[in-house]
Amino acid sequence: MKIRHHLSDQLLMAYSVGQLPEAFNLVVATHVSMCDECRARLASFDAVGGALIEEIDEIAMGEAALEAALARIDGLPQATRTEPLKTAGIFPAPLADYVGGDLSAVRWRRIGGGVKQAILPTGRSATARLLYIPAGVAVPDHGHRGMELTLVLQGAFADENDRFDRGDIEIADEEVEHTPVALAGEDCICLAATDAPLRFRGLVPRLAQPLFRI
Ligand SMILES: [Zn+2]
């Protein structure tokens, strides 16, 4: 099915310059791995960052820096084989790495109404979780504090405004009031990231400033 709900330019830009909290990084990387369109847009932001780096005045490093780096590379064990790509079931590679396998590796906790969640280990400035919502069930306790990203991995959900299928990402903030319901037919599994209010809101303008100055 074609992906209809994509990442915003702001999120792709913040991801490109490496300034997103880890939980958001994970959601962005997972969507990008599923979505040709966002992967292409991300490449254009990466190119802007590369151009910026080219323009920056050089700062000399210590005299022995190059030698020390090369010596350390020599000291590393040789890779004897390439790791198998961990794409596992419904989990694209970036997410499979976090979970450590496929769905069977997830340690779910029930949160009521048949809904289960599993918090993923990320830095504490934002939280990433897997959500399991049985077909036909509404998502409980859904106030938005700060920004929330929700990426569908299996099944689909709908709210008053739209429908989200596998690969679709919903970007919600405090303004959004809705009641997402998992559609009938298949249990819905999502990857969601939330942050503290204001933290993210302040971040994007700060990032955009140096980028737009050129
Ligand atoms: Zn996309």
Side-chain angles (χ1 to χ4, degrees), residues 6-88 91-102 105 107 118-130 146-147 149 151 169 171 191-214:
H6 297 278
L7 290 159
S8 63
D9 282 345
Q10 285 186 328
L11 278 165
L12 281 170
M13 190 190 304
Y15 177 79
S16 174
V17 297
Q19 292 293 321
L20 286 178
E22 187 179 0
F24 285 87
N25 261 338
L26 175 60
V27 179
V28 170
T30 304
H31 176 85
V32 163
S33 76
M34 304 168 89
C35 178
D36 295 340
E37 183 179 320
C38 286
R39 194 156 53 248
R41 285 163 60 221
L42 176 61
S44 67
F45 286 120
D46 286 347
V48 172
L52 270 177
I53 287 171
E54 294 287 325
E55 298 286 311
I56 290 171
D57 290 339
E58 287 179 24
I59 297 172
M61 297 176 70
E63 276 181 29
L66 177 60
E67 221 165 283
L70 291 174
R72 283 207 193 179
I73 290 169
D74 282 341
L76 291 174
Q78 289 286 325
T80 50
R81 66 184 176 92
T82 51
E83 285 289 308
L85 195 61
K86 285 187 188 165
T87 302
F91 292 164
L95 182 55
D97 280 343
Y98 267 79
V99 176
D102 64 5
R107 302 178 69 177
I119 307 279
L120 300 176
T122 63
R124 286 190 297 178
S125 58
T127 303
R129 77 192 73 215
L130 288 164
M147 174 176 277
L149 301 180
L151 172 65
I169 191 158
I171 303 170
L191 171 65
T194 46
D195 70 347
L198 299 178
R199 188 181 181 87
F200 186 79
R201 292 178 155 239
L203 180 67
V204 168
R206 280 209 310 278
L207 289 170
Q209 203 173 12
L211 287 175
F212 287 148
R213 203 170 57 206
I214 58 170

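Under the side chain to side chain contact (heavy atoms under 4.5 Å, CB included) criterion, I119 pairs with Q117, T127, R129, sequence neighbours left out. Taking the side chain to side chain contact (heavy atoms under 4.5 Å, CB included) definition, one finds that S44 meets it with nothing, sequence neighbours left out.
Across all their heavy atoms, A29 and P94 have their closest contact at O-CG, 3.8 Å. For the pair T30 and L26, the tightest heavy-atom approach, listed with the atom from each and the gap, is OG1-O, 2.7 Å. Here the shortest heavy-atom pairing between L11 and M147 reads CD2-SD, 4.3 Å. Contact detail for Y15 and N25: the closest heavy-atom pair is CD1-OD1, 3.0 Å.
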Report the C-alpha separation of H31 and L149 in whole Å, then their side-chain angles, then the decisive distance to 0.1 Å, and conclude whether the side-chain contact (heavy atoms from CB on, under 4.5 Å) test is met. CA-CA 11 Å; H31 176 85; L149 301 180; over 6 Å; no
**OP:** May I have the step-by-step check of side-chain contact (heavy atoms from CB on, under 4.5 Å) for F91 and L130, ending in yes or no?
**Re:** CA-CA 11 Å; F91 292 164; L130 288 164; 4.0 Å; yes
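If you take CG on L191 and CD1 on I169, they are separated by 8.0 Å, rounding to the nearest 0.5 Å. To the nearest 0.5 Å, the span separating CZ on R39 from CG on D46 amounts to 12.5 Å.
When the options V27, L95, V28 are evaluated for a side chain to side chain contact (heavy atoms under 4.5 Å, CB included) with L151, the one that passes is V27.
Between the D195 side chain and the A126 main chain, no donor and acceptor come within less than 3.5 Å of each other. Side chain of S16 to backbone of L12: no donor-acceptor contact under 3.5 angstrom is found.
For the salt bridge (Lys or Arg N to Asp or Glu O under 4.0 Å) condition, the pairs that include at least one residue of residues 7-24, sequence neighbours left out, are D9-R41.
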